S.K.: 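Quick one: the structure is below, questions incoming.
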Amino acid sequence: MEKASLIPEPVKAKYAKGHFSIAEFTRIVAVGNGAVNPAELLGEYLRPASSFPFPVITALEGAAGDIILRENSRAEADECGFVCEKYSIEVSDDYVLIEAENSTGLLRAVQTFRQLLPPEIFADKEQSGIDWIIPCVSIKDAPALRWRGMHFDVSRHFFSVKEVCNYIELLAQHKFNIFHWHLTDDQGWRIEINKYPRLTEIGAFRDGTLIGCNSVFPRRYDGKRCGGFYTQAEIREVVAFAARRGIMIVPEIDMPGHMQAAIAAYPEFGNNPSMRLSVRQHWGISQNILNPGPAAIQFCCDVFAEVIKLFPSKFIHLGGDEALKYEWENSAYANEQLVKYHLPDMPALQCRFIGEIGKFLREHDRIPIGWDEIMEGGLSEGTAVMSWRGEDEVGTAARLGHYTVNASNTHTYFDYYQSDSALEPLAIGGDLPCEKVYRYQAVPVNLTPEEAKFVLGGQGQIWSEYMANFAHVQYMAFPRAAALSERLWNPSAKRRFSDFVRRLNDAHRARFFAQNAVMHDLP
Ligand code: TNX
């Protein structure tokens, strides 16, 4: 039988003669507590298209004809909350044996196992006339990097719980382990906070949205009220959905900038409490930011106190990007704060702000992470950096001994154009074809091994200014996120882009088609 077209490609796969068939009588056997959820998930994945019943049973061992999932031991999480993701799959003509140290490894294996089947297995309705066979193969696999993330901005445009879960499901299929959920920004506050109900009553809706490009003047707006938010119950549902797939959600509350929606709801946390702001209707950077005083800092801590109850992730994202200092420069109160804390300038005042919030998060046993601007003016120990303005920032953070994630806009901004065709839908700009993503090096080559240890991994970004619906999100994300997943999981120097494209066209597009997901038709 032919080799299966897997994405991301496993580290080792040895094919042999023969095949295993799934059938009416195939059972899924879970050996060990950690095998139960992966076994149940596998059953849910396989039933709709095949219409076989796939009973899931727990037992000490399997028998001929079974798909056996076995958890071998219970590996502990490391200091950053990451667990071992190594797994193996043995397919012989009369059984399948999937083994891992823990349930996360088994979950990665489940995704590989699905891809070994014909692409139609991804359909949610019975598919007739398919030979449900899998080649005999021995796979041994583990990721190269610990942080393999995808980000999603649900502020610029709001996406439903169902859509967010669909996004997470697609990430799981590519063995991503982090979903960075950008929950707040100038254009909409999306998470219910009990202590501050106006954040969602007022901050979650705007009275219109820019039509077309942000830099074409005069700007035109559609005048349609729009928005939405997630209740805390819905957030819990999404966290559980992701956890079942071995994905950690890193929530982001962006501060002190990108806060216009919150300031519209609570003007006292802005710099001009008498000024009435509305939730922003166009893109770009708002000059309206939080004030640097203790009440605004307390507000952020109160928000995080609720956020950390909802999200078990070790990392919590506090934003910190693009905070224009115009309002602070012009505010007597902000200038008093400078004097009070003996600080040289406004960037140092922002550092103090971020430092206070970081301290709160560390006291609650979390690791604060922020966009690379948080390094300007000094950054406290134990704070991680998401480097977005280029590779140099990855090196800077690593040299300073901060854990860092490579989210460089040169290779991971999937809101950028992916081809120069005149038919591309309007995008924010940039130029990032899939082939360039495939040249991405999450760990910059000029780092010493000691510095490289601080690079946790990498992440793709979906900023949604120009993506008003979910099909458009999928179109921008894929296949670039598929290419990224391979660069993060198995960045072998030997692998060719042409081989990735072959696997994409051979089976991966068909998997997307089967589940009604959209993908760009290049490369
Ligand atoms: C910069 S990346 C931003 C976002 C925008 C994005 C558009 C970052 C930390 N800030 O607010 O949506 O560019 O590409």
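Numbering starts at 1 and runs along the sequence shown. Remember, it's a predicted structure, so these values are computed and weren't measured experimentally. Note that ligands are numbered from 1 as they come in the structure, with each ligand's atoms numbered from 1 the same way.
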S.K.: Please output the residues near ligand 1 using a strict heavy-atom distance under 4.0 Å, listed in chain and residue-number order.
M.R.: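 Ligand 1 is contacted, at a heavy-atom distance under 4.0 Å, by R156, H258, D321, E322, W371, W388, Y413, D415, I428, W463, E465.
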S.K.: Using atom types as modelled and distance alone, determine if a side-chain donor or acceptor of R206 lies under 3.5 Å from a backbone N or O of Q281.
M.R.: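 Such a contact is absent between R206 side chain and Q281 backbone.
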S.K.: Is Y326 atom OH crowded by more than 12 heavy atoms from other residues, nucleotides or ligands, each under 6.0 Å away?
M.R.: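 Atom OH in Y326 is not packed in, count stays at 12 or less.
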S.K.: List the residues meeting side-chain hydrogen bond (donor to acceptor under 3.5 Å, both in side chains) with H520, not counting sequence neighbours, and say none if there are none.
M.R.: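 Testing H520 for side-chain hydrogen bond (donor to acceptor under 3.5 Å, both in side chains), a comparison that skips the adjacent residues, returns E424, Y475.
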S.K.: Is the cationic atom of R487 (NZ for Lys, CZ for Arg) positioned less than 6.0 Å from the six-membered ring centroid of Y440 and within 45 degrees of its normal?
M.R.: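 Here R487 fails the 6.0 Å and 45° test against Y440.
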S.K.: Among residues two or more places apart or on two chains, list those pairs meeting ring pair (Phe, Tyr, Trp, His ring centres under 6.0 Å) that have a residue in residues 223-246.
M.R.: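 Every ring pair (Phe, Tyr, Trp, His ring centres under 6.0 Å) pair that includes a residue of residues 223-246, provided the two are not neighbours, is F158-Y230, W181-Y230.
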S.K.: I'd like to check the ring pair (Phe, Tyr, Trp, His ring centres under 6.0 Å) partners of H258; sequence neighbours left out, ordered by chain and number.
M.R.: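 With sequence neighbours excluded, H258 shows a ring pair (Phe, Tyr, Trp, His ring centres under 6.0 Å) to no residue whatsoever.
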